[in-house]
Amino acid sequence: MAILGIESTAHTASVGIVSESAEVLAIASDMYRPPSGGIHPREAANHHVDHLPGLVERALEAAQLGPTDLEAIAFAQGPGLGPCLRAGATVARTLSLAWDLPLVPVNHCVAHVEIARVLSGLDDPLLLYASGGNTQVIAYGRGRYRVLGETIDIGIGNFLDKLWIALGGTFPGGPAIEAEAKLGTELLPLPYSVHGMDVAFSGMLTATLALHAKGAKRADLAYSVEVTAYSMLTEITERALAHRKHGAVVLGGGVACNERLRAMVRTMVEERGGTMFAPPRSLCVDNGAMIAWTGHLAFQSGLSVLPDASAVQPRQRTDLVATPWREARAASVGL
Ligand code: ATP
Ligand code: FE2
């Protein structure tokens, strides 16, 4: 059997189909790109309503499967933008009722963790989850994914997107800043905000825009922002790693596509004798396959809901979600 997953927490509408052995059979996605400025939740939700039915068809066709080949329908329940989440949940409920398949709610952050974990083959890695809305260092312990450190203001991706838009670019900013940073030569001083295992980015945003107003080159700003921000993420990952028995680290979230971040974390982990793994880009950014895979894990542990108990949870936190599939394994290896 396979499982179908629906992602719609923010800018990306995506449908993924994954086998029971975590083989990605299909991903069909469409990203909402605002013509200017940031994401407007209602417009992004309208985009998802328009695109999701076609994406479901495309994914089934690509996987060469029909509804009877599916064990369940999984959907991202939270966290995310309310209207966008509701668009995905409505499609998931409709498919569940129409095809008489169980409905499985999935936490979006846990899904980024689980797809990276299964692809890495590492049993109990530390995770650096760096995306648009979230920046967290996560490890499993006593029944939950625990957030050891995180941003205390904005997510790293939102910081990059806001900065790039303020510098005259369009969403998404992360990949554009990565290209621009390759042309930079001068490392400009920017606030380096690490507080224990937490980080903050709004001071760096203000300082970068102030340097821009004084005539600093965009390429040097991009280069300096990447070096400073990714050093901060590498430092908090290293601090968390120092408290762990194993040296395994996986990356997840859209910002984990970034080559400089991957290289910096890899160097740090390997210098400590550990192993670092980053999924292919298509599985770092938001995608339906990670929702499908986590839905499979949850469903195998007996988790599913009736449509009228499947309300979305825009503020659902990583560390409040039960992960029974990890508990059984953790008990057997003594975590
Ligand atoms: P969250 O997982 O917190 O809900 P999200 O769902 O908005 O966030 P993802 O799709 O996981 O986000 O990641 C999108 C973010 O990744 C955007 O902010 C984008 O700028 C950033 N990003 C994508 N590619 C790169 C890259 N190559 N370098 C840096 N950032 C990148
Ligand atoms: Fe995400």
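Just follow the structure's listing: the first ligand is 1, and inside any ligand the first atom is 1. Heads up: numbering here begins at 1 and tracks the sequence. Atom set for the values below is all heavy atoms of this structure, side chains included, hydrogens, waters and symmetry mates excluded.
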Starting from the C-alpha separation in whole Å, work towards a yes-or-no answer on side chain to side chain contact (heavy atoms under 4.5 Å, CB included) for Thr135 and Tyr129.
CA-CA 6 Å; Thr135 307; Tyr129 167 36; over 6 Å; no
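- Under the salt bridge (Lys or Arg N to Asp or Glu O under 4.0 Å) rule, Asp124 has a single partner from Arg244, Lys245, Arg117, which is Arg244.
- Annotation: the span from Leu101 atom CG to Ile73 atom CD1 amounts to 5.0 Å, rounded to 0.5 Å.
- The 12-atom threshold is exceeded at CD of Glu259, counting heavy atoms of other residues, nucleotides or ligands nearer than 6.0 Å.
- For the Fe ion (ligand 2), the set of nearby N, O or S atoms under 2.8 Å includes one belonging to His108.
- Among protein heavy atoms, the minimum distance from atom 28 (N) of ligand 1 is reached at Asn258 ND2, 3.1 Å.
- The shortest separation from a heavy atom of Asp161 to ligand 1 is under 4.0 Å, placing the residue in contact.
- In this model, no donor atom of one side chain and acceptor atom of the other lie less than 3.5 Å apart for Glu180 and Trp164.
- Atoms of ligand 1 lying under 4.0 Å from any heavy atom of Asn134, numbered from 1 in the order shown and given with element: 1 (P), 3 (O), 4 (O).
- Nearest protein heavy-atom neighbour of atom 4 (O) of ligand 1: His108 NE2, 3.4 Å.
- When each of Leu320, Ile138, Asp319, Leu127 is paired with Tyr145, the side-chain contact (heavy atoms from CB on, under 4.5 Å) condition holds for Ile138 and for no other.
- The shortest N or O to N or O distance between Gly174 and ligand 1 is under 3.5 Å.
- The closest protein non-hydrogen atom to atom 1 (P) of ligand 1 is Ser131 OG, 3.1 Å.
- Looking only at heavy atoms of the protein, atom 2 (O) of ligand 1 is closest to Tyr129 OH, 2.6 Å.
- Residue contacts with ligand 1: Tyr230 is included, with a non-hydrogen atom under 4.0 Å away.
- Here CD1 of Ile3 is found 4.5 Å from CD of Glu71. Values are rounded to the nearest 0.5 Å.
- Atom numbering of ligand 1 starts at 1 in the shown order; those under 4.0 Å from a heavy atom of Gly133 are 1 (P), 3 (O), 8 (O).
- A heavy-atom separation below 4.0 Å is found between His112 and ligand 1.
- By the 4.0 Å heavy-atom criterion, Pro175 is counted among the residues contacting ligand 1.
- When only non-hydrogen protein atoms are considered, atom 21 (C) of ligand 1 lies nearest to Val255 CG2, 3.8 Å.
- In this structure, Phe171 has no heavy atom closer than 4.0 Å to ligand 1.
- Nearest heavy atoms, Ile27 versus Ser14: CG2-OG, 3.8 Å.
- If you check which protein heavy atom lies closest to atom 22 (N) of ligand 1, you get Gly254 O, 3.5 Å.
- Summarising the geometry, atom OG belonging to Ser8 is positioned 11.0 Å from atom NE2 belonging to His47; distances are rounded to the nearest 0.5 Å.
- For the atom pair CG of Leu95 and CG of Asp100, the computed distance is 12.5 Å after rounding to the nearest 0.5 Å.
- Separation of atoms CG (Leu52) and CG (Asp30) is listed at 9.5 Å; rounding is to 0.5 Å.
- At a 3.5 angstrom cut-off on N or O pairs, Gly157 counts as close to ligand 1.
- Using a 4.0 Å heavy-atom cutoff, His11 is listed among the residues neighbouring ligand 1.
- Here the protein heavy atom with the shortest distance to atom 10 (O) of ligand 1 is Asp286 N, 3.0 Å.
- In this structure, the ring of Tyr32 has its center no less than 6.0 angstrom from the ring center of His51.
- One finds an angle of 90° at the Fe ion (ligand 2) between OD1 on Asp286 and NE2 on His112, to the nearest 10 degrees.
- When hydrogens are left out, the protein atom nearest atom 8 (O) of ligand 1 is Gly132 N, 3.1 Å; that is the closest non-hydrogen contact.
- Taking CG of Leu60 as the reference point, atom CG of Leu65 lies at 7.0 Å (rounded to 0.5 Å).
- Put simply, part of Gly173 is less than 4.0 Å from ligand 1, judged by heavy atoms.
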